[in-house]
Amino acid sequence: MNHKKEEYEINIVQLPNKILREKSQDVALPLSDEDILLAKKMIYHVEDSIKPKSKFRPAVGVAAIQYGIPKNMFYIYIEDQNHNVIFRDLLINPKVISKSENLVALKQGEGCLSVNESEPNQEGYVKRSYRIIVEGYSYFEKKVVRHDKSNYVAIVLQHELDHLEGKLFIDHIDKKHPWKKTDNLFII
Ligand SMILES: [Zn+2]
């Protein structure tokens, strides 16, 4: 199969579509042609989204469920302002090995392609573990890898891991006190 980039059809599922609440399933390895195509589509989508003229809403990651496909796969691509790659991997069947008790949250809260900007109650701290260790099969390395990440990358990993469990960032916001700080919470 030969697919040009232009042929990738990207249709993002948004709330209130209930498929976003489904738990995704593990993917068979080695990847099927269909799953390889899905991986390539995710990579294209996220990397294109941060280009100035992209038609996509900017994203640092996407999970398969956001295309309506309940498979344990997500792709994360994070650059700094100088376009240095901070983190890049497409993880398949990721598992959390451990999480810190110390928490971190983005000072402006989180966003998600599946949560339309018009959706209410999406403002507030999304408290995540400051550090997380994740293991999963890397599409690029073709083997199980371990990522031990803190701060922003840890936040993005947890955001994408949540998608695989049918969770969304809005679930973590304290509805009564959305911007309440706690002692072990680090704001970045
Ligand atoms: Zn999301």
Side-chain angles (χ1 to χ4, degrees), residues 8-27 35 38-51 54-79 85-96 99 103-132 134 136 138-139 147 149-175 178-179 187-188:
Y8 293 131
E9 208 182 298
I10 313 277
N11 289 309
I12 287 286
V13 173
Q14 290 193 320
L15 282 180
N17 193 319
K18 286 196 169 63
I19 198 165
L20 292 165
R21 296 311 194 171
E22 248 180 61
K23 223 171 144 22
S24 292
Q25 302 300 313
D26 272 350
V27 178
D35 291 335
L38 173 59
K40 288 182 174 168
K41 184 163 132 169
M42 294 164 94
I43 295 165
Y44 161 71
H45 175 201
V46 174
E47 293 186 11
D48 189 85
S49 81
I50 56 171
K51 291 179 183 164
S54 179
K55 60 183 180 202
F56 304 119
R57 187 175 152 194
V60 288
V62 71
I65 193 73
Q66 295 183 274
Y67 301 143
I69 302 167
K71 291 182 176 178
N72 282 329
M73 289 170 73
F74 60 71
Y75 178 57
I76 295 174
Y77 181 79
I78 302 170
E79 279 184 352
V85 179
I86 303 296
F87 184 87
R88 181 180 195 242
D89 208 352
L90 194 152
L91 286 179
I92 296 152
N93 307 335
K95 303 279 178 281
V96 176
K99 277 177 170 189
L103 303 174
V104 63
L106 297 174
K107 64 172 181 280
Q108 290 162 331
E110 294 185 21
C112 178
L113 299 179
S114 295
V115 180
N116 194 280
E117 281 143 329
S118 64
E119 195 76 27
N121 303 320
Q122 58 175 293
E123 308 290 316
Y125 290 136
V126 178
K127 295 170 190 172
R128 309 281 192 187
S129 288
Y130 179 79
R131 180 179 167 199
I132 186 170
V134 179
S138 167
Y139 174 76
H147 293 296
K149 296 291 166 187
S150 304
N151 258 303
Y152 184 65
V153 177
I155 290 174
V156 179
L157 278 165
Q158 287 166 84
H159 180 114
E160 300 306 332
L161 284 159
D162 265 2
H163 276 302
L164 310 185
E165 300 290 326
K167 292 184 209 153
L168 295 165
F169 77 93
I170 51 174
D171 305 345
H172 299 285
I173 298 171
D174 182 335
K175 304 287 181 287
W179 300 105
I187 307 294
I188 61 168

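Along the sequence shown, the residues carry numbers beginning at 1. Whatever order the structure lists ligands and atoms in, that order sets their numbers, starting from 1.
Only protein atoms were considered; those of element N, O or S under 2.8 Å from the Zn ion (ligand 1) number 3.
In plain terms, the two heavy atoms of Ser24 and His163 that are nearest each other are OG-O, 4.5 Å.
Ala64 pairs by the side-chain contact (heavy atoms from CB on, under 4.5 Å) definition with Leu38, Met42, Ile69, Lys71, Met73, not counting sequence neighbours. Evaluation of the side chain to side chain donor-acceptor pair (under 3.5 Å) rule for Asn121 yields no partner, not counting sequence neighbours. Shown here are the side-chain contact (heavy atoms from CB on, under 4.5 Å) partners of Glu119, two or more places apart in sequence or in another chain: Leu15, Val115, Gln122.
Aromatic ring centres of Phe56 and His45 lie closer together than 6.0 Å.
In this structure, Lys149 fails the cation-pi test against Phe87, since its NZ or CZ atom is not both closer than 6.0 Å to the six-membered ring centre and inside 45 degrees of the ring normal.
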